[in-house]
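These notes are about the structure you will find just below.
The shown structure was predicted, so the numbers you read here are calculated from the model rather than taken from an experiment.
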Amino acid sequence: MVEVTGQINAVRRRVGERVLEAGTARTSTVSQVYDTDVEDLWDAVTTAERVGRWFLPVSGDLRLGGRFELEGNASGTIERCDPPKGFSATWEYGGMTSWIEVRLSPEEDGRARLELEHIAHVDDDMWGQFGPAAVGIGWDQGLLGLALHMSAGGAPGPEAGQEWAMSEEGKEFTRQSGEAWYRAHVESGADESVARACADRTIAAYTGSAE
């Protein structure tokens, strides 16, 4: 059983913008502290065998300049690699290219923090319809998988994880994640009514309750 509220509250979320050569991009950032050191956390997020245990099966050349593919999801190119501090890569999905930056840092208590920033050129219509929760809920699910992987119980496999996501507990996790992204959206300066509508539509899409 997942302690849903505890996991949601363990994650920091931030919504912002970044100016790139191609124009202004939207950013959604998540971070969480894990009960391990930076070296082990680096191994968990860069070793194919371990990534497949908490996220999705991954294939390809997991080194600088290499291509990777997550089963049934995104693919991309590793553009920067600085072990054990972090890496960046393209995130190619649905005919669109965005970017992820993963940063690892030690905490004063000996634990380690993972921060992931997803950077994407999102058109105003899509952003106005779904907002940051469209990618944010998915990354919340990923951080949950990593938290379970780091715990004694271990994370469920991808198929079990997908089944869990549609359970009542999984839908409650999605709802609370969407609410947390609503708050982050408002904190970034978004109009509350617009952010509310975006979160509601995205939660409905993830839980299968959209009309």
Side-chain angles (χ1 to χ4, degrees), residues 2-20 24-46 50-51 54-56 74 80 82 84-89 91 98-120 122 127 130-151 155 161 165 169-192 194-196 198-200 202-203 206:
V2 174
E3 211 293 277
V4 170
T5 301
Q7 173 61 26
I8 293 296
N9 291 339
V11 177
R12 295 178 182 173
R13 300 166 187 81
R14 186 172 68 253
V15 177
E17 294 182 343
R18 184 186 289 195
V19 178
L20 306 177
T24 301
R26 318 271 190 182
T27 63
S28 300
T29 305
V30 291
S31 73
Q32 183 172 355
V33 175
Y34 293 94
D35 292 327
T36 189
D37 57 29
V38 168
E39 287 74 18
D40 182 55
L41 188 57
W42 172 263
D43 187 70
V45 300
T46 60
R50 291 187 71 180
V51 172
W54 64 267
F55 192 42
L56 288 168
R80 181 183 61 82
D82 183 17
K85 297 179 180 179
F87 66 89
S88 60
W91 188 262
S98 53
W99 300 265
I100 58 168
E101 292 186 1
V102 175
R103 299 179 281 268
L104 308 183
S105 58
E107 295 285 294
E108 292 182 356
D109 60 4
R111 297 186 297 165
R113 178 179 294 278
L114 178 145
E115 181 176 80
L116 183 146
E117 183 175 9
H118 193 145
I119 306 153
V122 184
W127 185 261
F130 295 108
V135 297
I137 290 174
W139 288 121
D140 268 330
Q141 293 172 342
L143 293 193
L144 168 61
L146 183 55
L148 293 173
H149 173 67
M150 291 298 186
S151 71
E169 185 178 68
K171 290 180 179 180
E172 176 61 16
F173 180 87
T174 295
R175 188 193 68 77
Q176 290 196 31
S177 171
E179 291 299 321
W181 282 106
Y182 158 72
R183 294 190 292 272
H185 199 185
V186 172
E187 288 170 4
S188 75
D191 177 87
E192 288 190 22
V194 171
R196 177 74 270 158
C198 287
D200 289 346
T202 304
I203 292 168
Y206 267 89

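In summary, of the residues considered (Arg14, Arg13, Glu117), a side-chain contact (heavy atoms from CB on, under 4.5 Å) with Val30 occurs for Arg13 alone.
Across every non-hydrogen atom of Ala44 and Val51, the tightest pair is O-CG2, 3.6 Å. When all heavy atoms of Val15 and Ser188 are compared, the pair lying nearest together is O-CB, 3.4 Å. Of all the heavy atoms in Ser28 and Val135, the pair that sits closest is OG-CG2, 3.8 Å. Looking at every heavy atom in both residues, Ala195 comes nearest to Val186 through CB-CG2, 3.8 Å. Heavy atoms only, all atoms of each residue included: Thr24 and Val19 are closest at OG1-CG2, 4.1 Å. In plain terms, the two heavy atoms of Tyr34 and Leu114 that are nearest each other are CE1-CB, 4.1 Å.
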### Task
Run the numbers on Val102 and Thr46 for side chain to side chain contact (heavy atoms under 4.5 Å, CB included), then give the verdict.
CA-CA 10 Å; Val102 175; Thr46 60; over 6 Å; no
### Task
Walk me through it: do Ile8 and Ser177 pass the test side chain to side chain contact (heavy atoms under 4.5 Å, CB included)?
CA-CA 6 Å; Ile8 293 296; Ser177 171; 3.9 Å; yes
#### Entry: Leu116/Leu143 under side chain to side chain contact (heavy atoms under 4.5 Å, CB included): CA gap, chis, key distance, verdict
CA-CA 10 Å; Leu116 183 146; Leu143 293 193; 5.7 Å; no
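Between the side chains of His118 and Trp139, a donor-acceptor pair is found at a separation under 3.5 Å.
The ring pair (Phe, Tyr, Trp, His ring centres under 6.0 Å) search around Trp42 returns none, not counting sequence neighbours. In this structure, the salt bridge (Lys or Arg N to Asp or Glu O under 4.0 Å) partners of Glu172, at least two apart in sequence or on a different chain, are Arg175. Residues passing the side-chain contact (heavy atoms from CB on, under 4.5 Å) test with Asp82 are Arg80, Lys85, sequence neighbours excluded. In this structure, Asp37 has no salt bridge (Lys or Arg N to Asp or Glu O under 4.0 Å) partners at least two apart in sequence or on a different chain. Judged as a side-chain hydrogen bond (donor to acceptor under 3.5 Å, both in side chains), and not counting sequence neighbours, the contacts of Thr5 are Gln176. Legend: residues meeting ring pair (Phe, Tyr, Trp, His ring centres under 6.0 Å) with Tyr206, ordered by chain and number and at least two apart, are absent.
Between Pro132 and Trp127, the closest side-chain pair of non-hydrogen atoms falls below 4.5 Å. Using a 4.5 Å heavy-atom threshold, the side chains of Glu101 and Thr27 count as separate. You'll find the side chain of Phe130 stays beyond 4.5 Å of the side chain of Val122, heavy atoms only. When side chains are defined from C-beta on, Leu41 counts as touching Met150, because their heavy atoms get closer than 4.5 Å.
With hydrogens and angles ignored, the 3.5 Å screen pairs no side-chain donor or acceptor of Trp54 with any backbone N or O of His149. Judged by distance alone, with hydrogens and angles left aside, the side-chain atoms of Thr202 form no donor-acceptor pair with the main-chain N or O of Ala199 at under 3.5 Å.
Glu192 has no carboxylate O lying under 4.0 Å from a charged side-chain N of Arg183, or vice versa, which leaves the two without a salt bridge. The pair Arg113-Glu115 does not meet the salt-bridge criterion, since no charged nitrogen lies less than 4.0 angstrom from a carboxylate oxygen.
Within a 6.0 Å radius of CZ in Arg12, no more than 12 heavy atoms belonging to other residues, nucleotides or ligands are found.
Here the straight-line distance linking atom CD of Gln141 with atom CD of Gln7 works out to 11.0 Å at 0.5 Å rounding. A distance of 9.5 Å separates CG of Asp200 from OH of Tyr182, quoted to the nearest 0.5 Å. The line from OG1 of Thr174 to CG of Asp140 is 9.0 Å long, rounded to the nearest 0.5 Å.
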